[in-house]
2 protein chains.
Amino acid sequence: MTGPERDKYHHGDLKTALIEASEGIIREDGVEGFTLRKAAKAAGVSPGAPSHHFNGTRGLLTALAIKVFKHLEAELNALPSSGIPAQDLRTQALGYVTFAARNPGLFRLICRVDLIDFKDPDLIETSFDALTRYAHAAAAYFGHDAPDLHKRVFRPHMASAMATAHGLAHMVIEGRPALLLDTPDPASTFIETMLPSVLLATWPD
Amino acid sequence: MTGPERDKYHHGDLKTALIEASEGIIREDGVEGFTLRKAAKAAGVSPGAPSHHFNGTRGLLTALAIKVFKHLEAELNALPSSGIPAQDLRTQALGYVTFAARNPGLFRLICRVDLIDFKDPDLIETSFDALTRYAHAAAAYFGHDAPDLHKRVFRPHMASAMATAHGLAHMVIEGRPALLLDTPDPASTFIETMLPSVLLATWPD
DNA sequence: TTCTCTATCTGAACATTGCATAGATAAGAG
DNA sequence: CTCTTATCTATGCAATGTTCAGATAGAGAA
């Protein structure tokens, strides 16, 4: 993260190196601490180099956002399925909020419409993929057909279910728990002790 | 918004002029289009002038955020109360999301923890005040005592109710409806035609 | 009025940022 | 070995937030 680290003139795989460097910076300093020049320096490269691989800062961050959505998808897909719809939906919601709480900078990034290009087909595709499992859990709970986000299938119940988790995630990364809880690590406290009962209240058996 | 507009050397009330100028800029160009220099120029004043009235850009935006929260409070308080808890809660939620959709830039501002100072006591107070009516509606629907946000009274049901609207608001200003709807003005379509059924699904009678 | 004090504002710095461009470098094909 | 092309450097430019010495004028005291 500090010094340059390179022997050859050509980097080899600067593209992914820049994405990883950006991820590290955002993890440490948040989105607001990210600059293109920092990423270039972290990859051991001159300030102008990134332009040859990405369409400006927005292009780099969009590529990173795609990686983050894939990460989110993997985490949600890895969650256990109990067969009990209410519990599965709660599990997905809890996983979603947990992901946001554990990766606040990166979660903020994928919500920053001004920083990434949400017209990018790959980004749209990946963001839909990331929520497929969640959407299916919601459909199962509410007794609907399995939705296909790509075909813009839209159901009120589903929107409600997604919005609740999305709102909770935002509340967490916006620091609302710190305004309501007096514990040392409000976000963790909120997720571990209060969020389950919130979700239980939201989607009871 | 364009040129300087001043005859006297001293402005008279630069502080509020800067806040109003900032509001105008953000309404037009969004938070990402805001710069301190633009605000100064819009108020017809030199780039260094704002520093004499606010603690940097963050101070100015924090002051504006307080104004926005008061605006939100007024709108939510102005909504009719039917006496039917479910309907009142839906009314509040709809009002909340509508405010976000009508003032996307300003709503984004009050969620940008990196831009405003959420340790400012006035901001905290005002943000709590803005949601009092909403919280009471949620309490009535779920059969709880009237909550006092200032005393950090926290109930799972309430958090769920707030999160849903907050999440929907974020989804709207993040442009998710545009990904799901094919109408000319997706945000309006979403709010006017789909949101009511979403809320009906969320909090039925 | 006149003088003084103080709040207010100016104007010119400075460091940092994203970005564009011209040129250097080296990897790979023939 | 030579040429082509992708890759990277170096430099410069405009814009931004912030600071600071100095200019300005309003307000109160004499």
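Each chain gets a letter, A, B and so on, in the order the sequences are listed, and its residues count up from 1. Computed over heavy atoms, backbone and side chain alike; hydrogens, waters and symmetry mates excluded.
- Separating the CG atom of B:L36 from the C1' atom of C:dT16 is a distance of 16 Å, rounded to the nearest angstrom.
- To the nearest angstrom, P of C:dT8 lies 9 Å from NZ of B:K15.
- Taking atom NZ of A:K41 as the reference point, atom C1' of C:dT17 lies 13 Å away to the nearest angstrom.
- In this entry the distance linking CD of B:E32 with P of C:dG18 reads 16 Å, nearest Å.
- Taking a cutoff of 4.0 Å between a charged side-chain nitrogen and a carboxylate oxygen, A:D117 and A:K119 do not qualify as a salt bridge.
- By the neighbour-count criterion of 12 heavy atoms within 6.0 Å, atom NZ of A:K67 is densely surrounded, having more than that number from other residues, nucleotides or ligands.
- Taking atom CG of A:L14 as the reference point, atom P of D:dA6 lies 16 Å away to the nearest angstrom.
- In this structure, CG of B:L18 is placed 12 Å from P of C:dT8, rounded to the nearest angstrom.
- Below 30°, between 30° and 60°, or above 60°: for A:F99 and A:F107 the angle between ring planes is above 60°, a perpendicular geometry.
- Here the P atom of nucleotide D:dA14 and the CZ atom of B:R37 are 14 Å apart, to the nearest Å.
- Against DNA chain D, the stretch residues 48-66 of chain A makes heavy-atom approaches under 4.0 Å through A:G48, A:A49, A:H52, A:H53.
- In this structure, A:R133 and A:S81 approach most closely via the heavy-atom pair NH2-CB, 3.5 Å.
- Test B:R27, B:E75, B:E23 against B:N103 for side-chain hydrogen bond (donor to acceptor under 3.5 Å, both in side chains) and you get one pass: B:R27.
- Shortest non-hydrogen contact noted between B:Y141 and B:P85 is CA-CB, 3.7 Å.
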